[in-house]
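Encoded as structure tokens, the structure appears first; notes follow it.
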Amino acid sequence: MGSPNHLCYNLAKDMPKRLNLSQEIEKQLPGELVNFMWMAGEIAHTRGEKLYLVGGVVRDLMLGQANLDLDLVVEGNAIELAQQLKKNIKGKITTHPRFNTAKLLWDNWSVDLTTARTETYEKPGALPQITPGSLDEDLGRRDFTINAMALGLNPGLYGKPIDPHGGRDDLKNKLIRVLHENSFIDDATRIWRGLRYEQRLDFHLEKKTLGFFKRDVDMLKTISADRTRYEIECILKEPYPEKVFIRAAELGVLPHLHPNLRGDDWLAEKFEQARKLSDPAPPEAGLYLALLAYPLAKEETERFISRLRLPKALAQILIDTAALKSKMRLMATPGLSPSGIFRLLEAYSSPAMVANSVATESPTASQNIHQYLTRLKYIEISLTGDDLIKMGVTTGPEIREIMERLQKARLDGEIASRDDEMALVQSWLTKQE
Ligand code: CTP
């Protein structure tokens, strides 16, 4: 499997270590966001505050990659600043007074505004205690050096990189590096995040970071089901999630989701097939998850569901997938009639069928599922219960029985029209007399 162009970050080798990145901002971000940042910098300045663009968007600007998720940090008061900005852009804001953060929304844009802060972790895995702080402190609490950079937005500082942890050098050398040795202990979701960035960007965990990573893998136990699920959801939105799972298997991370999951060539092949089937859209998370969980037995699937506290709809897809898996031998029967296929499949959700058609070793089973999804499930009979009563069928269970027999005949191609249906019912009624 080759990397497509949009994943080739050939960035940083040629990235000039310029003192100002305002040209990158201008080139890579839409005019509306650029104007907004100018304006926000000016307003913060008049308020005597310093405003910065931070985190992933700075990393991606340096990589020459599109990223419209603007995260702004203010040394000051984010909510008050957001309220003032709101008037200028005629937008809306939502606020979180406890964390002194705000989200600005206007037209199709959304920007997060946070008050610079320090974090202390009372115990591993817990959410941190937060107190207002400086930009330096704010950058110092972050996961990786490449995510711990900022660009000034105030007049005079506009586009100026602030890189206290050597993030630009790490971008250049394609390295994922934590800021301190207890980073994964403080927040073990960084274990998943590190793998996600490593595989997305085609980088490597830096040597010492890899040492801390291996030492601290077991800290994943400290992470709640909801936070773990969020990380997995983020991975499933990557262009090639299997790369993350394969690396996770290699580094002993995958068994923390379930010991019997596979992160290997089989998974890569199945995810690739899922993409081909869903093209041009990426596969739904449910389909990817069903394939990830496919190697699990029924009871193991249930454990996996509760490990991630999956929402009902996703859980149902996984349960259906496991139940349908046990019917794949029947589904592979040569010469299975269309009505037989219909009966085996009708109770299950579509992603569970697609997952089984991708994962089964039997081309016949796969074709039968395809036939159901593209044709059989749309076949309906024309006659209604009322029509049958008018024809002389007695009300009660017989109606349902006749309708099922009609549907079977339609599915198997024995009849093809309303007239055929009427003739068939008539012949059954005559036989009964
Ligand atoms: N961050 C962190 N530790 C975490 C989560 C987030 O330090 N466990 C910091 C990083 O600086 C990150 C920023 O918060 O860049 C924003 O988080 P998020 O939106 O998850 O990351 P991005 O890098 O912006 O986005 P993406 O992962 O999609 O590239």
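What you see below is based on every heavy atom in this structure, not just the backbone, and it leaves out hydrogens, waters and symmetry mates. All figures in this text were calculated on a predicted structure; none of them were measured in a lab.
- Comment: Glu181 engages Arg215 in a salt bridge, judged by a side-chain N to carboxylate O separation of less than 4.0 angstrom.
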- Go through Val217 and Leu251 one step at a time and tell me if the side-chain contact (heavy atoms from CB on, under 4.5 Å) criterion holds. CA-CA 8 Å; Val217 161; Leu251 293 175; 5.6 Å; no

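- By the 4.5 Å heavy-atom criterion applied to side chains, Tyr52 and Leu72 are not counted as neighbours.
- Each of Arg247, Glu250, Arg200 was scored for a side-chain contact (heavy atoms from CB on, under 4.5 Å) with Leu195, with one residue passing: Arg247.
- Not a single donor-acceptor pair under 3.5 Å links the side chain of Thr360 to the backbone N or O of Ser357.
- Summarising the local packing, CZ of Arg309 is surrounded by 12 or fewer heavy atoms from other residues, nucleotides or ligands at distances under 6.0 Å.
- Taking a cutoff of 4.0 Å between a charged side-chain nitrogen and a carboxylate oxygen, Arg400 and Glu404 qualify as a salt bridge.
- Judged by distance alone, with hydrogens and angles left aside, the side-chain atoms of Asp264 form no donor-acceptor pair with the main-chain N or O of Ile246 at under 3.5 Å.
- We find that Arg117 and Glu137 are not joined by a salt bridge, their nearest charged nitrogen and carboxylate oxygen being 4.0 Å or further apart.
- Taking the charged nitrogens against the carboxylate oxygens, Asp112 and Lys103 do have a contact shorter than 4.0 Å, which makes a salt bridge.
- Val54 places none of its side-chain heavy atoms less than 4.5 Å from the side chain of Ile162.
- At a threshold of 4.5 Å between non-hydrogen side-chain atoms, the residues Glu24 and Met62 do not count as touching.
- Contact detail for Thr321 and Ala355: the closest heavy-atom pair is CG2-CB, 4.0 Å.
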Name every donor-acceptor pair, under 3.5 Å, that has one atom in a side chain of residues 277-294 and the other anywhere in the protein, sequence neighbours excluded.
{"from": "Ser278", "atom 1": "OG", "to": "Ala274", "atom 2": "O", "distance (Å)": "2.8"}
{"from": "Tyr288", "atom 1": "OH", "to": "Arg275", "atom 2": "NH1", "distance (Å)": "3.0"}
{"from": "Tyr294", "atom 1": "OH", "to": "Asn356", "atom 2": "OD1", "distance (Å)": "2.7"}

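- The salt bridge (Lys or Arg N to Asp or Glu O under 4.0 Å) with Asp187 is formed by just one residue from the set Arg193, Arg141, Arg227; it is Arg227.
- Salt-bridge formation is detected for the pair Arg47/Glu80: a Lys NZ or Arg NE/NH1/NH2 atom is positioned less than 4.0 Å from an Asp or Glu carboxylate oxygen.
- The pair Lys50-Glu75 does not meet the salt-bridge criterion, since no charged nitrogen lies less than 4.0 angstrom from a carboxylate oxygen.
- Annotation for Val58 and Ala150: closest pair CG2-CA, 4.1 Å, computed over non-hydrogen atoms.
- Ion pair Glu233/Arg229 flagged as a salt bridge, since at least one NZ, NE, NH1 or NH2 atom sits closer than 4.0 Å to an Asp/Glu carboxylate oxygen.
- Here the side chain of Thr118 pairs a donor or acceptor atom with the backbone of Thr131 at under 3.5 angstrom.
- Looking at Asp163, its side chain does come within 3.5 Å of a backbone N or O of Gly167 through a donor-acceptor pair.
- His370 pairs by the side-chain contact (heavy atoms from CB on, under 4.5 Å) definition with Thr374, not counting sequence neighbours.
- Of the charged side-chain nitrogens involved, none lies within less than 4.0 Å of a carboxylate oxygen, so that Asp143 and Arg190 do not count as a salt-bridged pair.
- A donor-acceptor pair under 3.5 Å is absent between the side-chain atoms of His96 and the main chain of Arg98, judged by distance alone.
- The pair Arg142-Asp138 meets the salt-bridge criterion, with a side-chain N (NZ, NE, NH1 or NH2) lying under 4.0 Å from an Asp/Glu carboxylate O.
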